[in-house]
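No hydrogens, no waters, no symmetry mates; every other heavy atom, side chains included, goes into these values.
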Amino acid sequence: MNFFSSIFTSRKSIVKDNISGKNIPGHVAIIMDGNGRWAAKRNLPRSAGHKAGVESLREIIAACIDLKIKHLTVYSLSSENWKRPKKEIKFLLNLFIVTLKNELKLLESYGVRLRLIGDRASIPPEILKTYEDAESKTAGNKVLNFNIALNYGSRQEITGAVRKICRDVEEGRLKYSDIDTDIFSKHLLTWDIPDPDLLIRTSGEYRISNFLLWQISYTELYFSRVLWPDFKRNYFLKAIKEYQKRHRRFGKV
């Protein structure tokens, strides 16, 4: 199946789907949850849920391009997920490699720039090389910035930023009095990515799960009971419509 095939439409679909062209979020972050429960409900192995989840991601990427959303960040594998059964982790890592290699040319052709966010030091070498090759090949693309949080944990990211700032102060590159929220943000893994406007979590869970804790301080949150493999374009558009109803004050009146 081609990456976008029939699910990629055109700008005209915004009118068809009753989506206003105004107040489109610039950055959407997604906690893709529910693959295992989706498979269990069908008496299938968890691996089947992960495979089905890839199809949903295809649709969401296509919808982001269609709506001209500039940034999409997905929680692919948290730093805590390594505690899962080794068989499942092995399957997931292989799925990452196969999917990315199969879809890379189409990502490039549609102007998608891929970026890996996470602790690269402990990512298996083959996985890391696959992602870094994709980063290099798509570096010049500007239609959609697709950020994959792999081996990512926000507390670890924040701790790492503190270490970097301490080192910069110690080595004279930064003064203690210069440290503010902007300086701190520039030491995060997302230093050149705007904070999310909308965070979506699927499967009916109401947790953030150590995802972009610093970055979502003023992000609109949207929780869906739909399991990730079933979270197709229509559910994504529902979340966008809900976002468009909200009035973001950023602490102001």
Side-chain angles (χ1 to χ4, degrees), residues 23-33 57 60-61 63-65 67-82 112-123 131 135 138-139 141-168 174 178-203 205-224 228 231 236 239-240 242-252:
N23 196 26
I24 297 290
H27 183 181
V28 176
I30 304 178
I31 300 174
M32 307 178 294
D33 194 18
L57 184 56
I60 301 314
I61 291 174
C64 285
I65 293 174
L67 297 175
K68 295 190 176 180
I69 292 169
K70 295 301 296 182
H71 303 272
L72 172 66
T73 301
V74 298
Y75 210 1
S76 178
L77 188 72
S78 78
S79 51
E80 288 80 20
N81 286 156
W82 298 104
V112 178
R113 178 185 180 184
L114 185 142
R115 177 171 173 178
L116 179 65
I117 299 172
D119 179 10
R120 301 188 183 215
S122 53
I123 295 176
Y131 276 95
E135 283 183 314
T138 62
N141 294 344
K142 297 180 180 180
V143 174
L144 173 67
N145 294 306
F146 178 37
N147 310 302
I148 301 177
L150 177 66
N151 194 30
Y152 174 87
S154 189
R155 286 184 173 181
Q156 294 87 331
E157 178 190 27
I158 290 170
T159 302
V162 172
R163 290 197 187 102
K164 292 175 187 175
I165 291 171
C166 289
R167 183 187 59 209
D168 286 349
L174 188 66
D178 292 333
I179 301 172
D180 57 15
T181 56
D182 289 335
I183 289 292
F184 192 88
S185 294
K186 289 177 181 177
H187 285 78
L188 294 171
L189 297 173
T190 57
W191 63 274
D192 60 345
I193 302 171
D195 291 342
D197 298 297
L198 172 65
L199 170 66
I200 299 170
R201 179 165 189 157
T202 60
S203 87
E205 301 291 351
Y206 296 86
R207 297 188 299 274
I208 303 303
S209 297
N210 202 18
F211 185 48
L212 302 176
L213 299 179
W214 175 274
Q215 296 89 338
I216 63 169
S217 58
Y218 281 100
T219 296
E220 295 296 318
L221 307 181
Y222 181 87
F223 297 98
S224 171
W228 176 246
F231 195 83
F236 181 71
I240 299 299
E242 173 60 29
Y243 171 84
Q244 292 182 323
K245 296 176 184 177
R246 300 184 186 181
H247 177 55
R248 304 179 73 196
R249 294 184 293 273
F250 299 97
K252 303 174 184 178

Give the minimum heavy-atom separation between [X] and [Y], together with the two atoms involved.
X: Tyr131; Y: Leu150; result: CE1-CD2, 3.7 Å
X: Glu157; Y: Leu189; result: OE2-N, 3.0 Å
X: Ile148; Y: Ser76; result: CG2-CB, 3.6 Å
X: Leu116; Y: Glu135; result: N-OE2, 2.8 Å
X: Ile183; Y: Asp180; result: N-OD1, 2.8 Å
X: Ile216; Y: Pro196; result: CG2-CG, 4.2 Å

Do [X] and [Y] come close enough that some side-chain heavy atom pair is under 4.5 Å?
X: Leu198; Y: Tyr222; answer: yes
X: Ile24; Y: Tyr243; answer: no
X: Leu199; Y: Ile208; answer: yes
X: Ile60; Y: Trp228; answer: yes
X: Pro194; Y: Lys70; answer: no
X: Phe236; Y: Leu67; answer: yes
X: Ile69; Y: Ile240; answer: yes
X: Asp33; Y: Tyr75; answer: no

Note to self: Can you confirm whether Arg246 is buried at CZ, in the sense that more than 12 heavy atoms of other residues, nucleotides or ligands lie under 6.0 Å from that atom?
What the structure shows: yes
Find the distance between [atom1] ([X]) and [atom2] ([Y]) and round it off to the nearest 0.5 Å.
X: His187; Y: Lys164; atom1: NE2; atom2: NZ; answer: 7.5 Å
X: Cys64; Y: Leu144; atom1: SG; atom2: CG; answer: 6.0 Å
X: Phe223; Y: Thr202; atom1: CZ; atom2: OG1; answer: 11.0 Å

Notebook entry, point to check: When you look at Thr138 and Val112, which way does the side-chain contact (heavy atoms from CB on, under 4.5 Å) test go after all the steps?
Noted result: CA-CA 7 Å; Thr138 62; Val112 178; over 6 Å; no
Margin query: Is a donor from one side chain sitting under 3.5 angstrom from an acceptor on the other, for Asn151 and Ser122?
Written below: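 The criterion, which ignores hydrogens and geometry beyond distance, is satisfied for Ser122 and Asn151.
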Item checked: Polar side-chain atom of Asp195 near backbone of Thr219 as donor-acceptor pair, under 3.5 Å -> no
Note to self: Between Arg155 (side chain only) and Asn210 (backbone N and O only), is there a donor and an acceptor less than 3.5 Å apart?
What the structure shows: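 Side chain of Arg155 to backbone of Asn210, a donor-acceptor pair under 3.5 Å: no, none is there.
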Next item on the list: Any chance you could lay out the side-chain contact (heavy atoms from CB on, under 4.5 Å) test for Leu57 and Phe146, step after step, and finish with the verdict?
Entry: CA-CA 11 Å; Leu57 184 56; Phe146 178 37; 3.9 Å; yes
Note to self: Under the criterion side-chain hydrogen bond (donor to acceptor under 3.5 Å, both in side chains), I'd like the reasoning laid out for Trp214 against Ser185: C-alpha separation, chi angles, the key distance, then a yes or no.
What the structure shows: CA-CA 8 Å; Trp214 175 274; Ser185 294; 2.9 Å; yes
Margin query: I'd like to know whether Gln215 forms a side-chain contact (heavy atoms from CB on, under 4.5 Å) with Thr73, so could you lay out the CA-CA distance, the side-chain angles of the two residues, the decisive distance to 0.1 Å, and finally the verdict.
Written below: CA-CA 12 Å; Gln215 296 89 338; Thr73 301; over 6 Å; no
Notebook entry, point to check: Thinking salt bridges, do Arg115 and Asp192 make one under a 4.0 Å N-O criterion?
Noted result: yes
Next item on the list: Take Ile193 and Asn145 through the test side-chain contact (heavy atoms from CB on, under 4.5 Å) and record every step on the way to the result.
Entry: CA-CA 9 Å; Ile193 302 171; Asn145 294 306; over 6 Å; no
Check: What pairs with His71 under ring pair (Phe, Tyr, Trp, His ring centres under 6.0 Å), at least two apart in sequence or on another chain?
Finding: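 Once residues adjacent in sequence are excluded, the partners of His71 under the ring pair (Phe, Tyr, Trp, His ring centres under 6.0 Å) criterion are His27.
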